[in-house]
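Working notes, beginning with the structure itself.
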Amino acid sequence: MNIILFGPPGAGKGTQAKYLVKKLNNFQVSTGDLLRDEIKKESEIGKKIINYMNEGKFVDDIIVNNLMKKIIFDPKKKGKLIFDGYPRTLDQARNLDTWLDDSNQKIDHIFFLNVNKDTIVKRIKKRKIIEKRSDDELDIILKRYDTYMDTTKPVLNYYSNKSNFNEIDGGLKIAEITAKINGILKV
Ligand code: AMP
């Protein structure tokens, strides 16, 4: 089963993705993690990525799409993809559709975890203390939220009238969100 978890930073996508990976024996595809890995490796791409991330901007579509293509065409992961943080732009959404088509796959469910700015700020501040993430300073958090909301509106429109689209209140407790997802997946 291929699933997209969609929603602003701090909406709980990562938490639900990890749960689904365990439950369905799938693979989490987190673009944020893949990009942070490139930074850690100090690769040429990593040096470019760090500038986008530290400014709270989206990383260039070409960089992100190249990283994702390898994963979508990986036979081990076929039909077992939990997308967390991808697609975030219309260009990425269209690319994903093309690659899924080309590899005989589809998206089974899209979950939009919708959450307001106040809740996000509180959650990310907490996460910052635990994970010490460098891109989590408050002004960057707010920039990331605004960038997300502005840039992903077309992506939301692209998915929202599809029959496999589900909006879930991301302000609910983790277990409540999980229960809603389970109800839809019938697992
Ligand atoms: P995340 O861990 O998903 O919150 O992502 C952290 C940062 O990585 C974002 O603020 C962006 O700079 C970058 N990023 C993650 N996913 C994407 C994506 N699909 N497209 C562009 N940039 C991304």
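Just follow the structure's listing: the first ligand is 1, and inside any ligand the first atom is 1.
Residue V59 touches ligand 1 through backbone and side chain together, judged by heavy-atom distances below 4.0 Å.
Close approach of ligand 1 to L35 (heavy-atom distance below 4.0 Å) involves ligand atoms 8 (O), 13 (C), 14 (N), 15 (C), 23 (C). Annotation for ligand 1: atoms under 4.0 Å from non-hydrogen atoms of R36 are 2 (O), 6 (C). Within ligand 1, counting atoms from 1 as listed, the ones closer than 4.0 Å to a heavy atom of R144 are 1 (P), 4 (O), 6 (C), 10 (O). When each atom of ligand 1 is checked for a heavy atom of K57 under 4.0 Å away, the hits are 11 (C), 12 (O). Atoms of ligand 1 lying under 4.0 Å from any heavy atom of V64, numbered from 1 in the order shown and given with element: 19 (N), 20 (N), 21 (C). Contact atoms of ligand 1 toward Q92: 18 (C), 19 (N), 20 (N), 21 (C) (distance under 4.0 Å to a heavy atom of the residue).
Applying the side chain to side chain donor-acceptor pair (under 3.5 Å) test between T89 and each of N65, T152, D61 identifies D61 as the sole match.
Taking the six-membered ring where tryptophan is involved, the planes of F83 and Y86 are tilted, since the angle between them lies from 30° to 60°.
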Q: List the steps and the verdict of side-chain hydrogen bond (donor to acceptor under 3.5 Å, both in side chains) for S30 and Q28.
A: CA-CA 6 Å; S30 157; Q28 181 179 5; 4.8 Å; no

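Counting heavy atoms only, R88 comes closest to atom 17 (C) of ligand 1 of the residues M68, R88, M53.
In terms of hydrophobic clustering, with Ile, Leu, Val, Met, Phe, Trp and Tyr side chains grouped at heavy-atom distances under 4.5 Å, L34 and I50 are assigned to a common cluster.
Around atom NZ of K48, no more than 12 heavy atoms belonging to other residues, nucleotides or ligands sit under 6.0 Å away. Within a 6.0 Å radius of CD1 in I174, other residues, nucleotides and ligands contribute 12 heavy atoms or fewer.
Residue Y86 places a heavy atom less than 4.0 Å from ligand 1.
Salt bridge status for K143 with D146: absent, with no side-chain N to carboxylate O gap under 4.0 Å.
At under 3.5 Å, not a single nitrogen or oxygen of P9, backbone or side chain, sits near a nitrogen or oxygen of ligand 1.
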